[in-house]
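For reference, the structure is listed below as structure tokens.
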Amino acid sequence: MNGGAGPDGGPEESTFQKVLRQLTADYARLLPQRLAELEDKLRQCEDMPASDERLLALQRALHTMAGSAGTFGLGALGEQARAVELLLVDLRQRGAGSAADLAPVAAPLRLLLRDARAP
Amino acid sequence: MAGRDNIGLLDRPDADSTHDRPQPFPGPPLPGVSAMSGRRIVLVEDDDSIRLIAQLSLETLGGHQVLALASGEEAVARAAGFRPDLLVLDVSMPGMDGPETLAALRGQASLAQVPAVFLTAHTQPGKVAEIRALGAVDVIAKPFDPQALVDRVARVPRPGGSDPEAS
């Protein structure tokens, strides 16, 4: 901390804390957009489950969320994203061919989306 | 549509491009951070939010100078000009990934001996060992705590053998 008193009489917020707070707020504000992108990628996979390109795009989006959410105070979301990512990695290794193949990934991903959007 | 005043750090028009401003975050390093301890770090991370927070942490908490880049391709083009003494690379990136980027940087004479640290959301022990075997001196798991990132970087030996923790 830099010392001194802040406006509310508490410890003065450091530059680092201010920017960290702003980044965290930005992340939370942009989260609905990230979730919408995840959902869109899931739909694209469901439209064409055999497309490894689409599966990889979804996996990358999950990987990014798994690696970032916890840093911004959303640890549970990050863990959910990681769990779904690992399911998807496994699915890609086995090779998806149908919507039924994708279901074990789609179900927990929809749960993630529901939880993350819950007020 | 958000007004201009509502634009945040992650909304910057150049959010997908290079961030190499000398002092992107205002204010000096925190007390106890010696400018003498500062390193010159090339940070390569495609995720805007993680790149910004890593840059903020390394500059403000660690007192380092950071060239923050959004892709391996940018790193290959620009890292040598920054004369870094440490490379911090994300593993999974579109285009050139972290290992490919490190291999390309190692091919540049001035960067051949610069230590590298990988950031990764792959936390399985086998995968971490695989990543370390690529020539990284450390592998830092994502998500990370900002202070923990700075602490891990502080433990990386400097080229030439001086130990930053010993001073």
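We name chains A, B, ... by the order of the sequence lines, and we start the count at 1 in each one. Just so it is clear, the values below take in all heavy atoms, side chains as well, and ignore hydrogens, waters and symmetry mates.
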Linking I/L/V/M/F/W/Y whenever their side-chain heavy atoms sit closer than 4.5 Å, directly or via other members, would [X] and [Y] fall into one cluster?
X      : Y      : result
B/L111 : B/L134 : yes
A/L42  : A/L31  : yes
B/L87  : B/F82  : yes
A/L113 : A/L77  : yes
A/L56  : A/M65  : no

Is there side-chain contact between [X] and [Y], with at least one heavy-atom pair below 4.5 Å?
X      : Y     : result
B/P143 : A/F72 : no
A/L23  : B/L56 : yes
B/I53  : A/T71 : yes

Legend entry - Pairs of heavy atoms under 4.5 Å with chain A: top-ranked of B/P146, B/A121, B/S92: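 Winner by heavy-atom pair count: B/A121.
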Value rounded to 0.5 Å, distance of [atom1] in [X] from [atom2] in [Y]:
X      : Y     : atom1 : atom2 : result
A/S68  : B/E45 : OG    : CD    : 8.5 Å
B/Q147 : A/F16 : CD    : CZ    : 7.5 Å
B/D46  : A/T64 : CG    : OG1   : 6.0 Å

Legend entry - Sidechain-backbone polar pair: A/R60 side chain, B/M93 backbone, donor-acceptor under 3.5 Å: no
Inset, instruction - Give a yes or no on whether the backbone of A/Y27 and the side-chain of B/S49 come within a donor-acceptor separation of less than 3.5 Å. - result: no
Legend entry - Greater than 12 external heavy atoms within 6.0 Å of B/R83's CZ: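 Atom CZ in B/R83 is not packed in, count stays at 12 or less.
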Inset, instruction - Decide, yes or no, whether a salt bridge links B/D47 with A/R34 under the criterion of side-chain N to carboxylate O below 4.0 Å. - result: yes
Legend entry - Heavy-atom closest pair, residues A/R82 and B/K142: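 It is NH2-O, 3.1 Å.
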